[in-house]
Amino acid sequence: MKQYSTVLKLLLKNMFRRGADKKKSGYMLAAYIVIGLFYVLIAAMLVLMTYAMSTSFSNMGLTDEFITILLALGCLTVLLFGLITMLSVVYFSRDTEFFLALPIKPSVVYVAKVSVVYLTELAISALMLIPCLITAGVVAHLGAGYYVTMVFAVLTVPVIPLLLSSVIAIPLMYVVSFFKNKGALTSIVLILIFGLFFGGYYWLIMNAQDSIEKLATEGSFEAIAAGMGAAFRHVANGLYPLYALARFANGTAFGGMSVGVSMLCNLLIYLATLAALFGLTVLISNTVYKRGAAAQLESTRSAHKAAGEYASSGVVKSLMKKEWRELVRTPAFAFQSLAGSLLCPILLIFMNFSMKTGSTSGAGPITPEQTAFLNVMFSFMMLGFIGIFGVGMNIGASTCISREGQNFIFCKMLPVAPAVQLKAKSYVYLMISAVSIIAGLIATAFMYPDVTFLLPAVGFLALYDYGYVHFAIFFD
């Protein structure tokens with residue numbers, strides 16, 4: 001325990017260390033104020049959405065199921081962002097060699113690093129869950145025991161997805177350790193996982209939409225309410241540890257047992273889930289973490305061999321290679337810059353199916369004029385989605401200069417004009433966005449093969465890509 005606390009304190013001090021630059025501290029304070037104002041707006045939106053949905057769920061007698069869904073959304077946020085943080089903090093951290101050389105068990109280092117990730121993800125999930133859970137409790141007129149339980153829930157619910165992400169990351173890290181370009185491979189795997197998740201998510205949404213539309217056309221309001229209630233109970237049962245915690249907070253009896261016995265069983269189910277996941281994570285870390293982390297360090301010397309490779313293919317191409325390699329070596333940043341190439345077509349395909357289905361269901365026959373109008377509207381909506389998710393998600397250009405950090409002095413010392421360096425950076429991010437644009441237009445062409453729209457769209461998006469990337473570089 002003493003070793004764990006020592007490592008944890010060291011990690012936290014290293015994470016939150018502050019420099020002596022007062023000017024930079026002032027900038028950080030201003031940034032925190034702006035972020036705080038944005039959070040107030042987001043929290044207000046969450047409260048309004050939760051109020052509207054909680055009222056409907058309460059009227060249908062689905063308060064426990066609604067609380068389960070809110071807790072699941074918090075878990076989902078931690079699972080998506082926690083996997084990236086887990087890989088960058090636990091496995092691909094620069095202090096791995098330092099900690100492996102210390103006379104400390106690998107499991108202690110691993111648990112301490114997971115604790116750091118937990119604290120960072122707890123802040124994100126708590127900021128989202130607190131306004132939603134409070135609003136749901138007020139609307140459903142729940143007692144004081146609910147709010148006490150929700151404090152416990154906010155503190156412990158992020159542990160479930162965090163431990164799951166750690167279990168996923170351990171074999172991923174071990175497999176990646178056998179490849180030379182570990183950062184690039186990790187970035188690709190993360191993007192694929194994220195793409196599979198979004199594909200599954202939209203597939204479930206489309207199935208749910210089809211079921212509701214079928215009930216709306218064939219059944220009464222009572223049948224629709226009963227069908228929706230059964231569907232949400234089925235979802236809650238699939239998230240049973242969270243469902244058990246929601247039932248415990250609301251004091252719901254089940255299985256013919258009394259309220260007290262039911263609450264005790266629900267609490268034990270939730271705690272047993274946490275204990276099982278924690279035990280599995282520690283067990284795997286004892287056997288895999290040290291071996292995988294050591295494999296990450298085997299090729300550190302060979303990583304510095306080809307220092308002169310860039311000069312063999314021209315100045316601009318060499319600088320482009322340098323920019324690309326620096327991009328893919330950081331999994332978290334590569335994910336943010338490259339994910340649009342995969343997510344954009346996935347989103348467009350499901351959005352196309354959804355809008356086509358929604359436009360033709362329950363409204364009777366539509367005229368040719370209405371069909372033409374809907375096609376034009378959908379086409380321009382697809383154009384907007386490509387601009388936002390295909391080009392806008394590529395954030396590399398907006399940080400291509402400030403991201404250099406302390407290495408910026410070397411950029412100034414290179415015998416290459418600044419304009420040439422900026423040209424190489426812009427080419428990299430123009431090509432990344434171009435891949436997203438092409439993938440998005442191909443996905444759109446399957447649904448709307450209209451050449452009179454697609455050809456002008458190519459020109460417009462190319463100009464938008466060019467302007468967006470160069471403005472981002474100029475702004476940075």
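Side chain of Thr50 to backbone of Val47: no donor-acceptor contact under 3.5 angstrom is found. At distances below 3.5 Å, at least one donor-acceptor pair connects side-chain atoms of Tyr39 with backbone N or O atoms of Leu127. In this structure, the side chain of Asp465 does not engage the main chain of Leu461 through any donor-acceptor pair within 3.5 Å. A donor-acceptor contact shorter than 3.5 Å is absent between the side chain of Tyr466 and the backbone of Leu430. In terms of modelled atom types and a separation under 3.5 Å, the side chain of Ser125 and the main chain of Leu122 share a donor-acceptor contact. Not a single donor-acceptor pair under 3.5 Å links the side chain of Ser58 to the backbone N or O of Thr55.
Applying the side-chain contact (heavy atoms from CB on, under 4.5 Å) test between Phe248 and each of Ile269, Leu264, Leu268, Asn266 identifies Asn266 as the sole match. Put simply, the residue from Thr273, Leu239, Leu71 that forms a side-chain contact (heavy atoms from CB on, under 4.5 Å) with Leu245 is Leu71.
Using modelled atom types and a 3.5 Å distance limit, the side chains of Tyr429 and Glu323 yield a donor-acceptor pair.
Nearest heavy-atom pair across Ala153 and Pro158 is O-CD, 4.0 Å. Between Leu142 and Tyr147 the shortest heavy-atom distance is O-CE1, 3.7 Å. Ile386 approaches Gly440 most closely through the heavy-atom pair CD1-C, 3.7 Å. Heavy atoms only, all atoms of each residue included: Phe66 and Ser54 are closest at CE2-CB, 3.6 Å. Minimum heavy-atom separation, Ile67 to Ala246: CG2-CB, 3.8 Å. Nearest approach of Tyr4 to Ser115, heavy atoms of both residues: OH-OG, 2.7 Å.
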> Step by step, would you call His470 with Leu422 a side chain to side chain contact (heavy atoms under 4.5 Å, CB included)?
Replying inline: CA-CA 9 Å; His470 284 82; Leu422 292 177; over 6 Å; no
> Stepwise, does the side chain to side chain contact (heavy atoms under 4.5 Å, CB included) test hold for Arg247 with Ser262?
Replying inline: CA-CA 8 Å; Arg247 285 178 167 181; Ser262 299; over 6 Å; no
> Step by step, would you call Val78 with Ile124 a side chain to side chain contact (heavy atoms under 4.5 Å, CB included)?
Replying inline: CA-CA 8 Å; Val78 175; Ile124 298 174; over 6 Å; no
> Given Leu70 and Leu133, is the side chain to side chain contact (heavy atoms under 4.5 Å, CB included) satisfied, shown in steps?
Replying inline: CA-CA 7 Å; Leu70 292 179; Leu133 293 174; 4.1 Å; yes
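Atom CE of residue Met263 and atom OG1 of residue Thr252 lie 9.0 Å apart, to the nearest 0.5 angstrom. Distance check, rounded to the nearest 0.5 Å: CD1 of Ile437 to OH of Tyr464 gives 9.0 Å. Expressed to the nearest 0.5 Å, how far CG of Leu129 lies from CE of Met150 amounts to 9.5 Å. One distance of note links OG1 of Thr68 with CG of Leu73; it measures 11.0 Å at 0.5 Å rounding. The distance from the OH atom of Tyr51 to the OG atom of Ser56 is 10.5 Å, given to the nearest 0.5 Å. Distance CG/Leu10 to OG1/Thr6: 9.0 Å, rounded to 0.5 Å.
Val157 places a side-chain heavy atom less than 4.5 Å from the side chain of Leu242.
Between Phe471 and Phe474, the ring-plane angle classifies as tilted under the 30° and 60° cut-offs.
Within a 6.0 Å radius of CE in Met257, more than 12 heavy atoms belonging to other residues, nucleotides or ligands are found.
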